[in-house]
Amino acid sequence: MKIIVCIKQVPDVTEVHLDPETNTMTREGVSAIMNPYDQHALEEAVRLREKLGGGEVTALTMGPPQAEGMLRDAVALGADRVVLVSDRAFAGSDTWATSYTLEHAINALGGADLILCGKQAIDGDTAQVGPGMAARLGIPFVTCVQKVREVDESRLVVERMMDDGYDVLAVKLPALLTVVKNINEPRVPSLKGKMKAKKVEIERLNAETIAAKADCIGLPGSPTQVAKVFAPEARGKRIELQGTLEEQLAQLAVKLVELARGQEVR
Amino acid sequence: MLILDKDLCISCGVCEESCPFGAVTMQDGYPVIGDTCTLCGTCVENCSAGALSLSVEKAEQGDLAEWSGVAVYCEYYRGELNPVSLELLGEGRRLADMRGVELNALLFGSRFSGELDEVAEKLIAHGADRVYVVVADALSTFREDLYCRVTVALLRRYKPEIVLAGATAIGRAFIPAVAVTMHAGLTADCTSLDLRESDGALLQTRPAFGGNIMATIVCENTRPQMSTVRPRVMKALDRDDTRAGEVIVLEAGELLPEEDGLDSRVEVLESVAGASGAVNIQEADVLVAGGRGLENAEGFELLAELAKLLDGKISASRAVVDAGWIPYPHQVGQTGKTVAPKIYIACGISGAVQHVAGMQSAETIIAINRDENASIFNIADYGIVGNLSEVLPMLIARVKELS
Ligand SMILES: Cc1cc2nc3c(=O)[nH]c(=O)nc-3n(C[C@H](O)[C@H](O)[C@H](O)COP(=O)(O)OP(=O)(O)OC[C@H]3O[C@@H](n4cnc5c(N)ncnc54)[C@H](O)[C@@H]3O)c2cc1C
Ligand SMILES: Cc1cc2nc3c(=O)[nH]c(=O)nc-3n(C[C@H](O)[C@H](O)[C@H](O)COP(=O)(O)OP(=O)(O)OC[C@H]3O[C@@H](n4cnc5c(N)ncnc54)[C@H](O)[C@@H]3O)c2cc1C
Ligand code: SF4
Ligand code: SF4
């Protein structure tokens, strides 16, 4: 089975803040990591390959040249091939243009039986690229997969996490899944994997080699446009409760009951 | 492309300072734009010399004026209408009135019987002018590919200028596929919507980067303008049964006449609702959340007791989900769920940014922690410094007295 895992390099968002005065992002020492959900997608791909006793796992990313480091990490974690789709012309891509670009890259790689994505990237946070890609590829897809129960060469049985439970679905291949983090526990890279990562040759694609149309990529190909970026409103100041712990809790209990009922106590 | 006119540039460096993405560096007196540029246009606005410009040649998609009206996808699943649908009708009504257009509700079900009829009436009573009810047996279970096709067919036929859907598991699953097929822009997880005065374009505001940044997004050149909206941020209108509206029932087969129009390559084998650990914490008015400070899984029993008294549910930090004290659907935060309850009581949670990202839009936040310097207190409206084993039983007793 040919599996392509789409992985995205993201800033470690704990370190990203917008300075409300200057409206600029602090970027000092912000490190770049593999999107956490994508680590689970990669792990699942490697497990499926191991379970089926064969196949190929390709990690694919669209991003700047700096994403190479992350692709090497992917090899250390079990990917067989790694592909970087990079071009200045991709700058400003929204999820529409990103789906278009990744779809073209997947086609340039000869397609896949199964495509795995994370549920969402922790920077853009939209969860739109996976479903968008599936729509473009014209293949079925299932989002928020929490377990792959069965797999063979023609279909999968998976559990889809819902807001209030889960559904068990059978889906025909080729298909695309997006995964949530409780699907598996990613492994730590092995020494052998790390050696392989150092030597692996990163395959490169660009706008031309994936045959992308200029008006479908980057900013021109993006229907959404970021009009303004600003810092979120700070929350109101904390209200001090007075007295001993017991007295504080008595006040808090009244407040709680009032808020919960939406009316004053007594 | 971001274009610099060197003749106009006065080398002031304002662009470097103003770029929120740190994409500009000054070299030899001129700005050089790096790879992190998202073409957001902030520097263009700030350059007083007018030396920077964005050249965007976006293909206009036909005649935008053909698209009119606001449509709301109303999620009806397992026999229940998701409350976010009514919230969106409330917001949709406001936008439709500002635009002077109609508000239409889209509702899918297996057949138009008493139950669905009642739901349609409810949607009208909450603001819809018209309800399009699409029926087919195949729509009784949620399948991404099929729901996408039906919605696309509806949108192509009725051409609304704005489409809203809840940012729920279902909305976030198939709406992105609809947007891509329609060649429309889609803004995820909006927390506020408005119309631009100059041209009536939809201004869609959403958090990104784990809630550290807010972005306002527009889709000027394409229709429909689509947004998914977080549950509980918009206000539903009060039910008004005197409102008039029209219900139009459509057979899905008529919308998708091709022979395989209603086929799906996904089959639902089983649908497990309310299984152990399954909860929809996003719908709760009150959430009592536990973290590592609970010290063990049994700690959640006290939280459950408090939650019950307040008619709420329990949620958790990732640390305790990872420890196996409580299942993943309870996790709040960046890699869990985003919630906006009326009351969020954080018990023994330190307040890591990844947790805060998921709960900072709660109306009232109460923190209980033994460490007075815990960062959760920075965002709390009420804080109690104390040991949970002491505080919780006392608080529960007090609340009981009042109930
Ligand atoms: C502040 C801000 C707000 C934004 N809001 C929106 C918006 O509302 N709508 C919109 O259309 N765009 C928006 N964008 C643009 C969006 O972030 C980019 O299009 C981004 O390339 C992909 O979206 P995402 O990060 O949300 O990914 P998601 O859709 O959340 O990613 C899901 C999965 O898709 C795969 N994937 C995503 N990107 C890549 C990649 N580059 N390479 C390989 N795999 C990938 C991964 O498997 C990932 O787990 C916004 C950007 C910014 C900076
Ligand atoms: C990529 C990434 C994604 C993440 N996503 C999430 C996410 O979605 N959600 C999430 O929650 N976290 C997430 N995290 C983890 C996050 O960084 C924190 O590690 C986690 O939230 C900490 O959980 P906690 O507050 O329960 O535990 P701790 O940080 O250990 O805090 C325990 C608190 O309890 C207090 N305490 C201890 N004993 C008592 C007592 N007896 N009485 C009163 N107070 C007591 C302590 O003072 C302390 O403040 C993520 C991390 C990463 C790197
Ligand atoms: S803000 Fe304008 S004038 Fe100033 S350095 Fe930048 S491009 Fe030149
Ligand atoms: S367009 Fe936005 S991201 Fe690009 S350089 Fe200017 S301010 Fe920075």
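Keep in mind that what you see is a predicted model, and the values were worked out from it rather than measured. Labels below follow one simple rule: chain letters A, B, ... track the order of the sequence lines, proteins then strands, and each chain is numbered from 1.
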Got more than 12 heavy atoms from elsewhere within 6.0 Å of NZ, A/K147? no

If one checks every heavy atom of B/V286 against chain A at 4.5 Å, the contacting part turns out to be side chain

**Message:** Go through it in stages, so that I can follow the logic: the residues are A/D167 and B/R78, the test is salt bridge (charged side-chain N to carboxylate O under 4.0 Å, His left out), and I'd like the CA-CA distance, side-chain angles, deciding distance and then a yes or no.
**Reply:** CA-CA 11 Å; A/D167 290 341; B/R78 287 184 183 144; 3.0 Å; yes

Applying a strict 4.5 Å limit to non-hydrogen atoms, the region of A/A134 in contact with chain B is neither

Whatever's closer than 4.5 Å to a heavy atom in chain A on B/K337 counts as side chain

Rounded to the nearest 0.5 Å, the CG atom of B/D189 sits from the CG atom of A/D125 at a distance of 7.0 Å

So NZ of A/K255 and CG of B/D381: to nearest 0.5 Å the spacing works out to 10.0 Å

Okay, A/Y37 and chain B: the region with an atom under 4.5 Å from a heavy atom over there is side chain

Given B/D145, B/I396, B/T181, B/L269, the one with more heavy-atom pairs under 4.5 angstrom with chain A than any other is B/L269

Bottom line for B/Q331: the part with an atom under 4.5 Å from chain A's heavy atoms is side chain

The interface call for A/L259 against chain B, heavy-atom contacts under 4.5 Å, is both

Smallest heavy-atom separation, A/D163 atom then B/Q282 atom, equals OD1-OE1, 3.6 Å

Given B/V399, B/V218, B/V268, B/T141, the one with more heavy-atom pairs under 4.5 angstrom with chain A than any other is B/V218

When the 4.5 angstrom heavy-atom criterion is applied to B/T205 and chain A, the contacting part is side chain

side-chain contact (heavy atoms from CB on, under 4.5 Å) filter on B/A208, not counting sequence neighbours, yields B/R206

Most contact-rich option vs chain B, by heavy-atom pairs under 4.5 angstrom, among A/Q248, A/M162, A/Q146, is A/M162

Practice item. Go through the steps for A/E246 and B/R398 under the test side-chain contact (heavy atoms from CB on, under 4.5 Å), then give the verdict. Key: CA-CA 9 Å; A/E246 264 204 88; B/R398 286 293 185 176; 4.0 Å; yes

Given A/G124, A/P65, A/A89, A/A121, the one with more heavy-atom pairs under 4.5 angstrom with chain B than any other is A/G124

Looking only at B/I384, B/D285, B/I281, B/L203, most heavy-atom pairs under 4.5 Å shared with chain A are made by B/I384

When the 4.5 angstrom heavy-atom criterion is applied to A/Q66 and chain B, the contacting part is side chain

Taken to the nearest 0.5 Å, the spacing of B/K342 NZ from A/R261 CZ works out to 12.0 Å

Closest non-hydrogen atoms of B/V180 and A/W96, given as atom of the first, atom of the second and distance, are O-NE1, 3.3 Å

- If we only count heavy atoms from C-beta on, is the B/E267 to A/K172 side-chain gap below 4.5 Å? no

If one checks every heavy atom of B/R318 against chain A at 4.5 Å, the contacting part turns out to be side chain

Cut-off 4.5 Å, heavy atoms of chain A, and the answer for B/F142 is both

In short, A/A127 meets B/P176 closest at the heavy-atom pair O-CG, 4.1 Å

dist A/L169:CG -> B/S264:OG (nearest 0.5 Å) comes out at 9.0 Å

Output for pair (A/I239 CD1, B/T364 OG1), nearest 0.5 Å, gives 7.5 Å

Interatomic distance, CG@A/D123 vs CD@B/Q334, rounded to 0.5 Å, equals 9.5 Å

Applying a strict 4.5 Å limit to non-hydrogen atoms, the region of B/L309 in contact with chain A is neither

Whatever's closer than 4.5 Å to a heavy atom in chain A on B/V178 counts as neither

Of all heavy-atom pairs linking B/I343 and A/A260, the shortest is CD1-N, 3.7 Å

Is there a salt bridge (charged side-chain N to carboxylate O under 4.0 Å, His left out) between A/K181 and B/D322? Walk through the geometry before answering. CA-CA 10 Å; A/K181 60 155 226 182; B/D322 286 351; 3.3 Å; yes

Counting heavy-atom pairs under 4.5 Å with chain A, the top scorer among B/T216, B/L395, B/D311 is B/T216

Closest non-hydrogen atoms of B/G336 and A/K119, given as atom of the first, atom of the second and distance, are O-NZ, 4.0 Å

Under 4.5 Å to a heavy atom of chain B? For A/Q120 that would be side chain

Checklist entry - If we only count heavy atoms from C-beta on, is the A/L245 to B/M394 side-chain gap below 4.5 Å? => result yes

Bottom line for B/E401: the part with an atom under 4.5 Å from chain A's heavy atoms is neither

Pair count under 4.5 Å, heavy atoms only, with chain A: among B/L186, B/L310, B/N82, highest is B/L186

Heavy atoms, side chains only, cut-off 4.5 Å: are B/I345 and A/L256 in contact? yes

Cut-off 4.5 Å, heavy atoms of chain B, and the answer for A/S99 is side chain

Honestly, the part of B/A173 sitting under 4.5 Å from a heavy atom of chain A is both

Could you give the side-chain donor-acceptor pairs of residues 137-145 of chain A under 3.5 Å, partners two or more places apart or in another chain?
from: A/T143; atom 1: OG1; to: B/E144; atom 2: OE2; distance (Å): 3.1

